[in-house]
Amino acid sequence: MSYKKITPYINAENEVPANVIQIAKNYDYQGADELLIYNYSKDEKSREEFLSLAKELATEVDVPFTIGCYVKRLEDIKKALYTGASSILIQYSTLEEKQLLKEASERFGKEKIMVEFDMIECVEKKSDELFGTFVELGVGTVLLKHVTLSKQNMDRIGKAPLPVIIRDSLIRNDIRSLISLQNVIGLSTNYFENKDLMRAKLALKEDGIDVNTFESKIAFREFKLNQDGMLPVIAQDYKTGEVLMLAYMNEEAYNKTIVSGKMTYFSRSRKELWIKGETSGHFQYVKELSLDCDADTILAKVVQIEAACHTGNKSCFFTTLMKKEYEETNPLKVFTDVYNVIIDRKKNPKEGSYTNYLFDKGIDKILKKCGEEATEITIAAKNPEAEELRYEIADYLYHLMVLMAECDLDWNDVVKELAHRR
């Protein structure tokens, strides 16, 4: 993507993990393009705890995140990237073996390797040589901190052969001056914690700086409105597809939703705008808005904080009027349901359960069964009919889910990893 990115950074050193996760989620909801989370502690225990935090973060946020940590060997880089991070940030000054950058770039791809260094280093050394070294080592991006906006520094940044992200707390420097520099692809800052990041991005957009904001492809006046000048909006959980609620928007509510990224409706009874969650804290953050074929209804895919319904239910549609029994065939729903049963068996053992038998026998038995089922798939695939193969694949997937549960992985972890590879 060609737009300039705003990447909030979070210092996770000596910070409560739950606080880090909440800060990251808030940034995600409020329009951050990416995140940078770091802890450069050399203590082995602290580093492992930080990697565990990063793994949890990967399941909680949708935006890509970079992990910054102390690196001594290639294994450290591998562990960092295996948390689900999109890239790793390495402090160039503390890296003893510079060739590790080249090894990591060749193995994982240069787009996953970012180095951090100080503008002072760029001044003290010949910047051409320094950036040239980064290119030779396979670095994909550089993060530059302590930037002063002198003409010489702006020239150095503009001539750099690699894309640059500037890290700045925005206490002395202005965001527009930094992010608009030639060759700068984004800004990493902690300035927007507990501030309206989306509003800042809109201001940058108005100044002609290409940043990622919500924009409607169709003007509200082109919608087919009801006689009150409104149209219905169906809110749907963007992950599960569950229908949450139905409300109405007029033009002002629609425009406010686009600007803020929070679902804003018009109350027909109170005759006023209302931001969903403004009173309860149960906000709906926009992921996608779609218009139906008749241009008279909007489907909003949202992040729902807590319950959508005023009754405390997740969805307003919780009263069943009639139901015909049917078999659920949505793949992810089926995988999730089966996995949840396996997890329940692990937490609440049931006598005679084959799943509990596998858990009791331990990882070696589970791995043996996975290997056996993989072999059965190979044999079944040689047969002309698909029925046996279908059966064996189902068997394998079940045992694979037992393995996942044993190793504290779930389908969200796997789907997230697959999504990164698309």
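Along the sequence shown, the residues carry numbers beginning at 1.
Salt bridge present: E372 and K368 bring a charged side-chain N and a carboxylate O closer than 4.0 Å. Salt-bridge check for D237 with K301: failed, with every basic side-chain N at 4.0 Å or more from each acidic carboxylate O.
N250 contributes no side-chain N or O that, together with a main-chain N or O of G229, makes up a donor-acceptor pair within less than 3.5 Å. Side chain of K4 to backbone of V184: a donor-acceptor contact under 3.5 angstrom is found. At least one donor-acceptor pair closer than 3.5 Å links the side chain of K201 to the backbone N or O of N212. With hydrogens and angles disregarded, no donor-acceptor distance shorter than 3.5 Å links the side chain of D168 to the backbone of L178. With D296 contributing its side chain and K224 its backbone, the two residues share no donor-acceptor pair below 3.5 Å. Side-chain atoms of K346 come within 3.5 Å of backbone N or O of A405 as a donor-acceptor pair. In this structure, D337 contributes its side chain and N340 its backbone to no donor-acceptor pair below 3.5 Å. Checking side-chain atoms of T83 against main-chain N and O of K79 turns up no donor-acceptor pair under 3.5 Å. Side-chain atoms of S86 come within 3.5 Å of backbone N or O of F65 as a donor-acceptor pair. Side-chain atoms of E13 do not come within 3.5 Å of backbone N or O of N39 as any donor-acceptor pair.
Annotation: side chain of Y27 is not in contact with side chain of V61 (no heavy-atom distance under 4.5 Å). The closest side-chain heavy-atom distance from I234 to M245 is not below 4.5 Å. With contacts defined as side-chain heavy-atom distances shorter than 4.5 Å, the pair L403/I363 qualifies. Inter-residue side-chain proximity for V135 and L162 is flagged as met; some heavy-atom pair is nearer than 4.5 Å. The side-chain heavy atoms of Y398 and T355, taken from C-beta on, include a pair separated by under 4.5 Å. Annotation: side chain of F266 is not in contact with side chain of D228 (no heavy-atom distance under 4.5 Å). A heavy-atom distance below 4.5 Å is found between the side chains of K145 and D118. Proximity of D76 to R73: side-chain heavy atoms (C-beta onward) are separated by under 4.5 Å at one or more points.
Distance CG/L51 to SG/C69: 6.0 Å, rounded to 0.5 Å. To the nearest 0.5 Å, the span separating OG1 on T7 from CZ on F192 amounts to 11.5 Å. Distance CD1/I343 to OG1/T336: 11.5 Å, rounded to 0.5 Å. Atom CG of residue N11 and atom CD1 of residue I23 lie 10.0 Å apart, to the nearest 0.5 angstrom. One distance of note links CG of L101 with CD1 of I90; it measures 5.0 Å at 0.5 Å rounding. Interatomic distance, NZ of K365 versus NE2 of H399, reported as 8.5 Å (0.5 Å rounding).
No side-chain donor from either of Y9 and T66 sits under 3.5 Å from a side-chain acceptor of the other. No donor-acceptor contact under 3.5 angstrom links the side chains of S41 and D43, judged on distance only. With hydrogens and angles left out, the side-chain atoms of T148 and N153 include a donor and acceptor closer than 3.5 Å. One side chain, E116 or Y40, offers a donor N or O that lies under 3.5 Å from an acceptor on the other.
Ring-centre distance between Y285 and Y29: below the 6.0 Å cut-off.
No more than 12 heavy-atom neighbours from other residues, nucleotides or ligands sit within 6.0 angstrom of OH on Y191. More than 12 heavy atoms of other residues, nucleotides or ligands sit less than 6.0 Å from atom CZ of F317. For E252, the CD atom counts as loosely surrounded, since its 6.0 Å shell holds 12 or fewer non-hydrogen atoms of other residues, nucleotides or ligands. Dense packing is recorded around CD of E48, with more than 12 heavy atoms of other residues, nucleotides or ligands lying under 6.0 Å away. Enclosure of atom NZ in K347 is not indicated, since only 12 or fewer non-hydrogen atoms of other residues, nucleotides or ligands lie within 6.0 angstrom.
Taking the six-membered ring where tryptophan is involved, the planes of Y82 and F108 are perpendicular, since the angle between them exceeds 60° and thus also 30°.
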